[in-house]
Every structure is written in C-alpha cells, then in structure tokens.
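This report concerns only the one structure given below.
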There are 2 protein chains.
Amino acid sequence: MDPDEARSGEAAGLQPVAAGTGRPAAGTAGSKRHIPPASLARLTIYLRALSVMLTDGIERVSSEELAEAAGVNSPMLRKDLSYLGSYGTRGVGYDVSYLSGQISAALGLTLNWRVAIVGAGNLGRALAGYPGFGTRGFEVVALFDADQTMIGQEVGGLKIRPVSALEAELEKTEANMAVLSVPAEVAQELCDRLVASGITSILSFAPVVLQAPKNVQIRKVDMATELQILAYHAQRAQVSEIASDARARLAR
Amino acid sequence: MDPDEARSGEAAGLQPVAAGTGRPAAGTAGSKRHIPPASLARLTIYLRALSVMLTDGIERVSSEELAEAAGVNSPMLRKDLSYLGSYGTRGVGYDVSYLSGQISAALGLTLNWRVAIVGAGNLGRALAGYPGFGTRGFEVVALFDADQTMIGQEVGGLKIRPVSALEAELEKTEANMAVLSVPAEVAQELCDRLVASGITSILSFAPVVLQAPKNVQIRKVDMATELQILAYHAQRAQVSEIASDARARLAR
DNA sequence: AAATGTGAAAGATTTCACAGCG
DNA sequence: CGCTGTGAAATCTTTCACATTT
C-alpha cells in the first residue's frame, strides 16, 4: 500500500535497521522503516491514552496498563512500539511524556498540518469545530461550501468560502490536507480539483470510491458501512440465539 | 479506510473469534459460516456499487468491472463473494439485482434496524439527516441530547428528546442499534446506559475506548486517527522526496 | 524482581493460477 | 471461449514465550 523510505526526525539512536529489502540503512535519528498499517492505527490510540495520562499527571506507565487503556493486549502494544524503537525501561515501564513525544514524532505530528474542509454542511461544521483536530498538530485553515447562503458565515472562527475560490484559497492558506464532506455526486469532481491543486492527503466522508493518482493518499470514513457491519454481527447473534433456544428446547 | 477498502479497512480491532475450519455448508441465502472482517467491510462497498448500477439500469456485471468500481482487484472480489456462495454465472458474470439482494441478505440488511442517535450536535444532526441510512434498512427512530435548549427541535422529521428519557424512549421506539455522537467525557456513561437498556450494537464517534460486555458490538469511527494516519504517510512521502532530491544532487 | 523487546509460531488475509462450468 | 470459483502459495498480523536489561 505504500512505498518509500525514511524520514527526518530527531532523538533516539537506533539499530542499523534490519536489512530487509535492500533499503538504505537509515540516517541518524528517528527514521525507521515503515510501520505496518494495523500497527499505525493503534499507535494513534496509544497516543490519545497517553495524552489523557499526561493530563492526569501520570508520569510512568507499564505496557500492561497502557494496553488496558487502549483496549489491546500488552504483547501487541509492545510489538507495535517496537516498530518505532525501544523507548521503555526494562523492569520499569515507559515515561508517559517521552513515549508520547516519540510516537508523535514517528507519526509526523510535529509537522505543520493545515487542513481545508470542503463542504460546510452539518458534517463539515462538526469537523471544523472538532477540538480533537486543533489539539494535535492539525489546524483547520479553510472551510468551503457551494451554497451561496452559507458564504461568509463563521464556523469555529473561520469564514465559509465559496467553493469556486477553492484553488486560490488552498494556495493562499497553504493547506496540505483536505477533508471532503460533500454529497457523493460532487465528491469525485472536488477530489480532482484538490489533487490538481497539489493536495495529496484526503479524508473523505462521501460514500463513493474516489479515483486518484496513487501518490495521493485517500482515506474514507463511511457511516453506512459501519452500520452495515454492526447489522451483520447483530443478525448473527440473533440467529445463534434462536439456534441455541432451539437446541435448549430439543435438549429437554 | 481502510479500508481502509479503500483503506478504511483496519482499525476497530475486535477479538480473535476462534475460527474453526468448517465448510460453508451451502444453505439457502443468508446464514453462512462467518465472513472474514476484512471481507465484510468490502462487501458493503460492492453493495453500494451495485446500487448505483441498478439505478443506472445496468443488469449484468463482471467481477472485473465490479472490482474496478469498488477499487479492488478482481480476484479479491471473487474471493469475497465466495464466502457468501456462488451467485455468478461462469462465462457471463453477475446479475446486478440478484447479487445485490444476496449480499444484502447475507449482511442482515433485510431485517428492520432501528437506530437511536445519542447526541444531537452537528455530528448527530449530520447523521440524522444522512440519506444513506434510510435507504438501506436503517431507520433513525430517536435522537437525544442533554442540552435543554435543543429539546423539541426537529431534525430530519424527528424531535430531539432529552437524554434523561433515554431508557423510556429506547423501549418505546424499539431501537436495536445506537450511534454515540457525544463528547468523550460522557461517552462511557451513555454507553453503559445503552447497554443496560439492552442495546448490543453501538457505533461511536467519541474519541475514547469504550468498555462494554463482549456480547456488545462496538465500532468506533475516529476522525483524529484518520488524519493522523494521513499525516504519517504524507510525512514519509515528503521525506523520501527530500531524500531523492539529495540523491539526485549527489549523482551529478 | 519486574517488565521490556523480539524472534518464532500461529493465524488471517491477499494474491495467484487454473480447474470447472456455462 | 470467457469468466467464475477456489485450493494453494505468499504475505501480513497477532500471539506467545522468554532472553535481556535495569
């Protein structure tokens, strides 16, 4: 799913980097080989759990405790962290603040991410006002909508701009990420315009499969999909309940 | 989003589910052995692509075409469908309408899903008004909020109810699924109340790990996680670009 | 003594190639 | 002949056990 090598960064010397597929042995600090996608998703959860601990004034945590807080088991947590480096102390645990910093750095959250939100309906507004963004290196720098009546309204300290000015505003605000919260019908068209403007990271809430060059990373969040998956499990639970009722009856 | 399928795929880690190597015992439609989670997520995408085709009056489709529309490769699509049964015609392809019906049945979408939305902020309202729900077996039957000033407001034909009446309304409306679109601080408490009321399928947008009995299915959608994953990839792309620039300079 | 970090085994998922059927 | 359906191989992920370090 994803090519390429190292990154710049800081801190933490590290091993010669497993030879693997003839990758250049990483430079000085931080730069690791790639993090498995499954692991990556969990690292963001650890990060949040660590933030809460930091707020609560907790300074040290064991893999067992952090795993518990993140809803995974501890070997998995340790394996995930091992993709980044060795940031714990044997017999002791992890320093909450330090580990938090290391994960942030590995995920690239120390860079300046400037997000444009395209579509200022309820979803777009919810996103624009979402506190979770601002607090972790993401700054919402522009908000667009096609609806004339919305233009100029302020949401979360940001004026809604006309989508006709998309390209100009993207450039002016130096956005480097975009969120698509528009109806399915226009999502591909807007995606194309974002890509043409040089955006290579897009989070889409539109229930369509977007086509884009493969240097563009697209992630999709799909509420209907999520509910359908729940429905599948619920249905099975129902069926097996009925089945076990039947067994219970037969057993008498 | 994964895929995630599109990449929305991963995340939402649930427990192992001891497999058991049994044959899919070809019954009629519906109750097959279990569908692998990764496959399940993609099936919902196929379903949507098929709906579009149905609307467009397309009657037949090959695995190649459907895979293309869903953004996957055709062997994968065929493998996914094979978990449900053999619904195609060799040498020909699939009947759009028939396949669509079979997938719907397998996912349990022919049952009556009644969704309660807890939290009527922008996100809750966006969900209440989301057309994708109504159109596939999901009916929003209740909408709650704790904010007094919102009580009684109408959103998408539904009056907002006080969250204090949660239990009573859940029973009255016979809701069998819930969506949590509330702040992180109160998510666990509301989750507990939902579970106590007999809800066993919950979709949460709150950025916290929810604890619940394991007969309760919880899925989590987390915007911050999604952006962080994008950031990781974008950062790597940047660095490798810089690295290759450097190599280019050195090569001269 | 306690808890990390990691090879190696076990388990899932994806890819592949081609047998099988219309 | 064309396209589906599926075993088997390749790859990725999770689990496990324990050597290692403080």
Side-chain angles (χ1 to χ4, degrees), chain A residues 1-2 12-21 32-43 46 60-68 70-96 98-99 102, chain B residues 2-24 26 32-43 46 60-68 70-96 98-99 102:
Chain A
M1 172 106 220
D2 158 34
L14 71 126
Q15 309 90 331
V17 178
T21 7
K32 284 286 181 160
R33 277 181 57 60
H34 97 140
I35 301 171
S39 197
L40 184 53
R42 286 186 301 265
L43 284 166
Y46 306 153
R60 245 179 24 201
V61 69
S62 68
S63 64
E64 195 62 61
E65 293 160 343
L66 183 52
E68 154 88 33
V72 304
N73 54 28
S74 67
M76 183 138 99
L77 174 115
R78 293 201 301 275
K79 184 57 123 179
D80 286 339
L81 293 183
S82 80
Y83 293 119
L84 309 188
S86 306
Y87 300 137
T89 306
R90 293 172 193 230
V92 177
Y94 303 89
D95 180 277
V96 172
Y98 179 68
L99 182 58
Q102 292 300 325
Chain B
D2 100 57
D4 218 166
E5 9 328 86
R7 264 310 18 143
S8 57
E10 69 267 356
L14 285 195
Q15 282 305 29
V17 181
T21 332
R23 279 256 37 211
K32 287 292 184 147
R33 270 202 78 57
H34 98 143
I35 301 171
S39 196
L40 185 52
R42 287 187 300 266
L43 283 165
Y46 306 153
R60 246 177 27 200
V61 69
S62 67
S63 64
E64 193 63 63
E65 292 161 342
L66 183 51
E68 155 87 33
V72 304
N73 54 29
S74 67
M76 183 137 99
L77 173 115
R78 292 201 301 275
K79 183 56 119 181
D80 287 339
L81 294 183
S82 80
Y83 292 119
L84 310 189
S86 307
Y87 299 138
T89 306
R90 291 170 195 233
V92 177
Y94 303 89
D95 179 277
V96 173
Y98 179 68
L99 182 57
Q102 292 299 324

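Note that these values count all heavy atoms, side chains included, but never hydrogens, waters or copies made by symmetry.
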Does a side-chain heavy-atom distance below 4.5 Å link [X] with [Y]?
X	Y	value
B/L81	B/Y94	yes
B/S82	B/R78	no
A/L84	A/Q102	no

Where [X] and [Y] come nearest, the two heavy atoms and their spacing:
X	Y	answer
B/S39	B/Y83	OG-CD1, 3.4 Å
A/R60	A/V96	N-CG2, 3.8 Å
A/V61	A/L66	CG2-N, 3.7 Å

Can you measure [X] atom [atom1] to [N] atom [atom2] for me and round it to whole angstrom units?
X	N	atom1	atom2	result
B/I35	C/dT13	CD1	P	12 Å
A/R78	D/dA19	CZ	P	15 Å
A/Y94	D/dT21	OH	C1'	13 Å
B/L99	D/dT4	CG	P	11 Å
B/D80	C/dT13	CG	P	10 Å
B/Q102	D/dT4	CD	P	16 Å
A/E64	C/dG5	CD	P	14 Å
A/E65	C/dA3	CD	P	8 Å

C/dT14 OP1/OP2 closer than 4.0 Å to side-chain N/O of B/N73: no
Look at B/S63 and D/dT4 and indicate whether a side-chain polar atom (N or O) is within less than 4.0 Å of OP1 or OP2. yes
Taking only residues two or more places apart in sequence or in another chain, which ones pass side chain to side chain contact (heavy atoms under 4.5 Å, CB included) with A/T89?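 For A/T89, the residues satisfying side chain to side chain contact (heavy atoms under 4.5 Å, CB included) (neighbours in sequence not counted) are A/V92.
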CD/A/E68 to OG/A/S62 distance, rounded to the nearest 0.5 angstrom? 10.0 Å
Proximal nucleotide (of D/dT6, C/dT15, D/dT4) relative to the B/S82 side chain: D/dT6
Start with the C-alpha gap between B/Y46 and B/V72, add the side-chain angles, then the distance that decides, and say whether side chain to side chain contact (heavy atoms under 4.5 Å, CB included) holds. CA-CA 10 Å; B/Y46 306 153; B/V72 304; 3.8 Å; yes
Encode nucleotides 8-13 of chain D as B, S and - characters from 5' to 3', where the letter depends on protein heavy atoms closer than 4.0 Å: B to the base, S only to sugar-phosphate, - to neither. B----S
For nucleotides 20-22 of chain C, list the nitrogen or oxygen atoms of the protein found under 3.5 Å from its nitrogen or oxygen atoms, one pair per line.
from	atom 1	to	atom 2	distance (Å)
C/dG20	N3	B/R90	NH1	3.1

